[in-house]
Amino acid sequence: MPGPWAFLFDAAACSGCKACQAACKDRHGLAVGVLWRRVYEVAGGSWARERDAWVPDVFAFNLSIGCNHCEAPICVEVCPTGAMRRRPDGLVVVDADTCIGCRYCAWACPYGTPQFDDASGRMTKCTFCADDVDAGRAPACVAACPMRALDFGERAALEARHGLDASFFPLPDPSLTRPGLSIVPHRDVGRAGPRTAAVANREEVGG
Amino acid sequence: MKERSLLAFTLLAQLAVGAFVTVGALGLWAGITEGEPTVLLFVDGALLWVALAMALAMLASAFHLGAPASALRAVRNLRTSWLSREVLLMVSFTVLVGLLSILRRSGAGSSALLAGVAAAAGTCGLGLVYAMARVYRIRTVPRWDTVRTTASFFVTMLLLGPLAVAAGLALGPDLTQAAARAPLLAIALVAAGGFSAEIALGGRGVLHTVRGAILFAGLVLCALSLLAAGRSGAFLAAAFAAALAAQGIGRYQFYVVGPGRPL
């Protein structure tokens, strides 16, 4: 059995077009307000004085985040019903028939992954397009990316090539849940911090 | 605010557990002093109110769910989920308080059985408040994962429960002033400690300043109840209103601020 799976995101290549977000919504028929994949626009900076002139000294980069199908998924740990579970192939899935919509997983997940569906009263989340992957195809978000900024692969292979320890702002400490997420960092990630940058499209991505 | 039902649930449940512990102490005191049948009658009535408060708390908690009809599934993951443990303790505490109330009123149980049920209920109640705090102490939510969360939930229990009992003693029709004096004195001291602890925990912002003023008013009312023995019940009933308002504001802030993560 292949897997466990992980995503690779090249923040330096992402243009923020949100084709991944739209493809995910389209592939899974998601309701308005439910985003299994979200593109966060991280921005910061201000004006800087250069001799007698004030010039803009700003930066921005994008982060495309779905479910990272963590090795230590806190959503599974806290779920009171067992609806959230990790499959043998490492994919974290939610059983809508068992879920009672308590939203505890949404509080606990540091990536904002589980999304509440008002219509069904249940939690929903990224499935890694398991059917497509099982059939040898790429997940919808990966297939849709025009910049080839998103990719997927087996966790061990991605870890060997890129590591799984990206922890720059606004990402949480990866040791908390051991996410299946490799990131090629943007050149400005070192400038981003809780006081120097913010998610600029909060209204769009929620949280 | 999406968590209105959780605000009601946590406050009501903490009030109920605090009231149960206070009523238990009151019952023990009445048993030891052997001469206050009116106090024992009050205990019987108070147990029913505790059970009713817990029933309301459970109802409020179910309103938070997307599928309330399936609420009982919430006990399926006792192995790792504090929410499952909380639900189990909540149901156990409510059932045991109801059972204790029935046994006392019917006179069916021996004193050993009554003591056993009361001890089990008290253990479940205190366990419930601890589990409620643990539900929010998630390692991925640094804002909630502090000892302050646990302290706040237990202080709420110690403020609302005893003061609710004091209000009941003040409003209770059959209790003599002499019978109520010692319990009201003890409650005033506990509540003063609770108000002081909440003031010491501190905070920032306009809403916190308003809350601080209410807490201080509660502390003053407790002091007044100690000084004016004849009207201590009325002062403590007013202190209960202050505690309810202050803890309501505090819990509102807790949920409104939320996990507060960047993603």
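Each chain gets a letter, A, B and so on, in the order its sequence line appears, and its residues count up from 1. Note that these values count all heavy atoms, side chains included, but never hydrogens, waters or copies made by symmetry.
Residues B:Y130 and B:F154 meet the side-chain proximity criterion, which asks for heavy atoms closer than 4.5 Å. Two residues are said to be in side-chain contact when any heavy atoms from C-beta on lie closer than 4.5 Å; A:V92 and A:C70 fail this criterion. Two residues are said to be in side-chain contact when any heavy atoms from C-beta on lie closer than 4.5 Å; B:E198 and B:Q247 meet this criterion. Residues A:L164 and A:P174 fail the side-chain proximity criterion, which asks for heavy atoms closer than 4.5 Å. A:V133 has its side chain within reach of A:P139: a pair of non-hydrogen atoms, C-beta onward, lies under 4.5 Å apart.
Residue contact with chain A, scored on non-hydrogen atoms closer than 4.5 Å, involves the backbone of B:V75 exclusively. B:A71 touches chain A through its backbone: at least one of N, CA, C or O sits under 4.5 Å from a heavy atom, while the side chain does not. Heavy atoms closer than 4.5 Å to chain A are found in the side chain of B:I138, but not in its backbone. For A:A106, the part sitting under 4.5 Å from any heavy atom of chain B is the backbone (N, CA, C, O) and nothing else. For B:L6, the part lying under 4.5 angstrom from a heavy atom of chain A is the side chain only.
Listed by chain and residue number, B:I249, B:Y252, B:Q253 satisfy the side-chain contact (heavy atoms from CB on, under 4.5 Å) test with B:L207 (two or more places apart in sequence, or in another chain). Partners of A:P146 under the side-chain contact (heavy atoms from CB on, under 4.5 Å) rule, at least two apart in sequence or in another chain, are A:C17, A:A19.
Put simply, of B:G258, B:A74, B:G260, the one with the most heavy-atom pairs under 4.5 Å next to chain A is B:A74. Note: A:C109 leads A:C99, A:C109, A:P194, A:A83 in heavy-atom pairs under 4.5 Å with chain B. Of the residues considered (A:V78, A:V76, A:L63), A:V78 shows the highest number of contacts with chain B, using heavy-atom pairs under 4.5 Å. Considering only heavy-atom pairs separated by less than 4.5 Å from chain B, the leading option among A:G112, A:G206, A:C102, A:G82 is A:C102. Chain B forms more heavy-atom pairs under 4.5 Å with one residue of A:P172, A:A198, A:G121 than with any other, namely A:G121.
Atom CZ of B:F216 has 12 or fewer heavy atoms from other residues, nucleotides or ligands within 6.0 Å.
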Report all side-chain donor-acceptor pairs from residues 43-53 of chain B shorter than 3.5 Å, counting only partners two or more places apart or in another chain.
{"from": "B:D44", "atom 1": "OD1", "to": "B:R104", "atom 2": "NE", "distance (Å)": "2.6"}
{"from": "B:D44", "atom 1": "OD1", "to": "B:R104", "atom 2": "NH2", "distance (Å)": "3.3"}

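Atoms SG and CD1, from A:C79 and A:I100 in turn, are 8.0 Å apart once rounded to the nearest 0.5 Å. Rounding to the nearest 0.5 Å places CZ of A:F152 at 11.5 Å from CG of A:L8.
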Let me see the donor-acceptor pairs closer than 3.5 Å between chain B and chain A, or none if nothing turns up.
{"from": "B:H64", "atom 1": "O", "to": "A:R103", "atom 2": "NH1", "distance (Å)": "2.8"}
{"from": "B:H64", "atom 1": "NE2", "to": "A:C102", "atom 2": "O", "distance (Å)": "2.9"}
{"from": "B:G66", "atom 1": "N", "to": "A:I100", "atom 2": "O", "distance (Å)": "3.2"}
{"from": "B:G66", "atom 1": "N", "to": "A:G101", "atom 2": "O", "distance (Å)": "3.1"}
{"from": "B:A67", "atom 1": "N", "to": "A:I100", "atom 2": "O", "distance (Å)": "3.0"}
{"from": "B:R73", "atom 1": "NH1", "to": "A:D97", "atom 2": "O", "distance (Å)": "2.9"}
{"from": "B:R73", "atom 1": "NH1", "to": "A:T98", "atom 2": "O", "distance (Å)": "3.1"}
{"from": "B:R73", "atom 1": "NH2", "to": "A:D97", "atom 2": "O", "distance (Å)": "3.4"}
{"from": "B:R76", "atom 1": "N", "to": "A:P80", "atom 2": "O", "distance (Å)": "3.2"}
{"from": "B:N77", "atom 1": "N", "to": "A:P80", "atom 2": "O", "distance (Å)": "3.0"}
{"from": "B:N77", "atom 1": "ND2", "to": "A:C79", "atom 2": "O", "distance (Å)": "2.8"}
{"from": "B:T80", "atom 1": "OG1", "to": "A:E77", "atom 2": "O", "distance (Å)": "2.7"}
{"from": "B:S81", "atom 1": "OG", "to": "A:V78", "atom 2": "O", "distance (Å)": "2.5"}
{"from": "B:S84", "atom 1": "OG", "to": "A:P80", "atom 2": "O", "distance (Å)": "2.8"}
{"from": "B:V135", "atom 1": "O", "to": "A:Y104", "atom 2": "OH", "distance (Å)": "2.3"}
{"from": "B:R139", "atom 1": "NE", "to": "A:L176", "atom 2": "O", "distance (Å)": "3.1"}
{"from": "B:R139", "atom 1": "NH1", "to": "A:E77", "atom 2": "OE1", "distance (Å)": "2.9"}
{"from": "B:R139", "atom 1": "NH1", "to": "A:E77", "atom 2": "OE2", "distance (Å)": "3.2"}
{"from": "B:R139", "atom 1": "NH2", "to": "A:E77", "atom 2": "OE1", "distance (Å)": "3.4"}
{"from": "B:R139", "atom 1": "NH2", "to": "A:L176", "atom 2": "O", "distance (Å)": "3.0"}
{"from": "B:T140", "atom 1": "OG1", "to": "A:A108", "atom 2": "O", "distance (Å)": "2.5"}
{"from": "B:R261", "atom 1": "NH1", "to": "A:W107", "atom 2": "O", "distance (Å)": "2.7"}
{"from": "B:R261", "atom 1": "NH2", "to": "A:A106", "atom 2": "O", "distance (Å)": "3.4"}
{"from": "B:R261", "atom 1": "NH2", "to": "A:W107", "atom 2": "O", "distance (Å)": "2.7"}
{"from": "B:R261", "atom 1": "NH2", "to": "A:C109", "atom 2": "O", "distance (Å)": "2.8"}
{"from": "B:P262", "atom 1": "O", "to": "A:R202", "atom 2": "NH1", "distance (Å)": "3.2"}
{"from": "B:P262", "atom 1": "O", "to": "A:R202", "atom 2": "NH2", "distance (Å)": "2.4"}

